[in-house]
Protein chains: 2
Amino acid sequence: MSQISELKKSDTKRDGKKTQDDIVYAHIFDAILEQRLSPGTKLNEESLGEIFGVSRTIIRRALSRLGYEQVVVLRPNRGAVVACPSIEEARQIVFARRVVEKAVMELVCDNAQKKQLEQLRQMVRDEQACFDRGDRGAGIRLSGEFHLLLAEIANNPPLLSFQRSLVSLCSLIIAQYESGAKSHCSYDEHFELIDAIAGKDKPRAVSLMMHHLDHIEEKLSLDDEIATDDLKAIFSHVRNPR
Amino acid sequence: MSQISELKKSDTKRDGKKTQDDIVYAHIFDAILEQRLSPGTKLNEESLGEIFGVSRTIIRRALSRLGYEQVVVLRPNRGAVVACPSIEEARQIVFARRVVEKAVMELVCDNAQKKQLEQLRQMVRDEQACFDRGDRGAGIRLSGEFHLLLAEIANNPPLLSFQRSLVSLCSLIIAQYESGAKSHCSYDEHFELIDAIAGKDKPRAVSLMMHHLDHIEEKLSLDDEIATDDLKAIFSHVRNPR
DNA sequence: CATGCTATAATTGTATACAAAAAAGTCAAC
DNA sequence: GTTGACTTTTTTGTATACAATTATAGCATG
């Protein structure tokens, strides 16, 4: 509908060296992380093309990349929709995240430099500021980026790339299943994590992280039982990839 | 150069429902797994298009998917090459694989059905047969697929998709650094793994798997020191993404 | 008025044309 | 014969046109 900026070349918004599909990808990714795009939303190629002022070619690339990351589901001949993980899938995603986050925490405890600890603290302060001023969207995104920064400090690119996918999937899950208005991933816990890292206390760091992930999973268990009159939710266990 | 089959529609080779870029992707993926494509090989879009009888559009999709899995490196404006992991990157990849394989083995010990154990055994027998008859390429591919089947049995799609990327990267590493003619991933060890799984002996299964991965890593250490007159290898630690 | 069929519109899949960038080749100067 | 500027060729990036597929609307029938 409304063209947001006709990004084209010389787009200073983010970096300038990135190619166009990177920019489109990042915009959609952020929209999902900030929960401005809800699970199940259809992503029409032509509409997105008009919005970003590029051809479908570029949109298609961005969507397939999001598709690899499982953040959107690409249904052959039927277009892309924002992923809508079932409760079972959500559990599998959280499990995978436990596996990765454990490894990341151990690496971070070994590798973290003082400068990086300060970077982490600054990010959590920003996150806190967002929630304080009521900007929940940006807060949620920064919360996710905190976990990505951890994976970056762990200094293992394959794990980082996997983590990127898992973090955005978790954001989707939260968007779908978070019941109350409670902060889904409190910054207090993030500060505690940083302290454990600073003290190179691996067991504590890992245990805090697992506890952190328990919070997400608890919400799944709760919502597992509540009744709903939403057909889509009721039949969400019916795998319908096509 | 030579068109291999003009796949187009009604291609019965693999499945028939898969889309064209899936087929191209699978062909290139297999070629890498079978080490018919060596690290560093340039992947020209037009040539590949002629080979598979499709347009660059399809090739491009397949290459970006491989790029997402880090199996090929996409250099902006300079095309795609088969990834050529440095020793450090190789270590990071093997580390990530330890993390995933450990989780996979634990899940498999919990979940594996008798039928699936038999599937695993059959696959290793096939692998053995390949090596016995001297078809090293197919043997290596089946060896990789054994690990993918494990991840499938673990029943965690995100982990499986990550494993897919890691297994092919490991195959690349082996292609690059394997010195002797020794089997890189002996089927004996695979049979032992299956026995541990059948006995639901998690600690043993995990320990066998770690040992299995040690073999790959050992080769890195060895090759780390040997001299070479190959410029590309000598400067392989120089990160040159563009 | 619900159901099923047909025609039409909308959307995705693929090929191709052209623009932009990089690589390779040419040739002069030292 | 090596170096460096310039030209040509090749290759990649993007837009667009058309084909194939799916969704929608209209209409007839029970």
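Here is how names work: the chains are called A, B, and so on, in the same order as the sequence lines, proteins then strands, and each is numbered from 1.
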J.: With a 4.0 Å limit, can you tell me whether A:S55 has a side-chain N or O closer than that to the phosphate oxygens OP1/OP2 of D:dA15?
T.: yes

J.: Calculate the interatomic distance between A:I59 atom CD1 and D:dT14 atom P; express it in whole Å.
T.: 12 Å

J.: Mind calculating the distance between CG (B:N44) and P (D:dT10) to the nearest angstrom?
T.: 12 Å

J.: Nearest whole Å is fine: how far is D:dT12 P from A:I58 CD1?
T.: 16 Å

J.: Could you tell me the separation between the CG atom of B:L74 and the P atom of D:dT11, rounded to a whole number of Å?
T.: 17 Å

J.: Below 4.5 Å, heavy atoms only, C-beta onward: do A:P157 and B:Q92 meet side chain to side chain?
T.: yes

J.: Expressed as a whole number of angstroms, how long is the span from B:E45:CD to C:dA20:P?
T.: 18 Å

J.: Using atom NZ of A:K42 as one end and atom P of C:dT11 as the other, report the distance to the nearest whole Å.
T.: 7 Å

J.: Are B:R65 and B:D21 close enough that some pair of their side-chain heavy atoms sits under 4.5 Å apart?
T.: no

J.: Any idea which of C:dA15, C:dA22, D:dT22 is nearest the A:R78 side chain?
T.: D:dT22

J.: A:E45 pairs by salt bridge (Lys or Arg N to Asp or Glu O under 4.0 Å) with which of A:R61, A:R56, A:R78?
T.: A:R56

J.: Given atom CZ of B:R61 and atom P of D:dT12, what is their separation to the nearest angstrom?
T.: 19 Å

J.: Quick check on DNA chain D: between A:N77 and A:R56, whose nearest nucleotide comes earlier from the 5' end?
T.: A:R56

J.: B:E46 has an atom CD; how far is it from atom C1' of D:dT10, in whole Å?
T.: 9 Å

J.: So which heavy atom on B:I93 is nearest to which on B:C170, and how close?
T.: CG2-SG, 4.1 Å

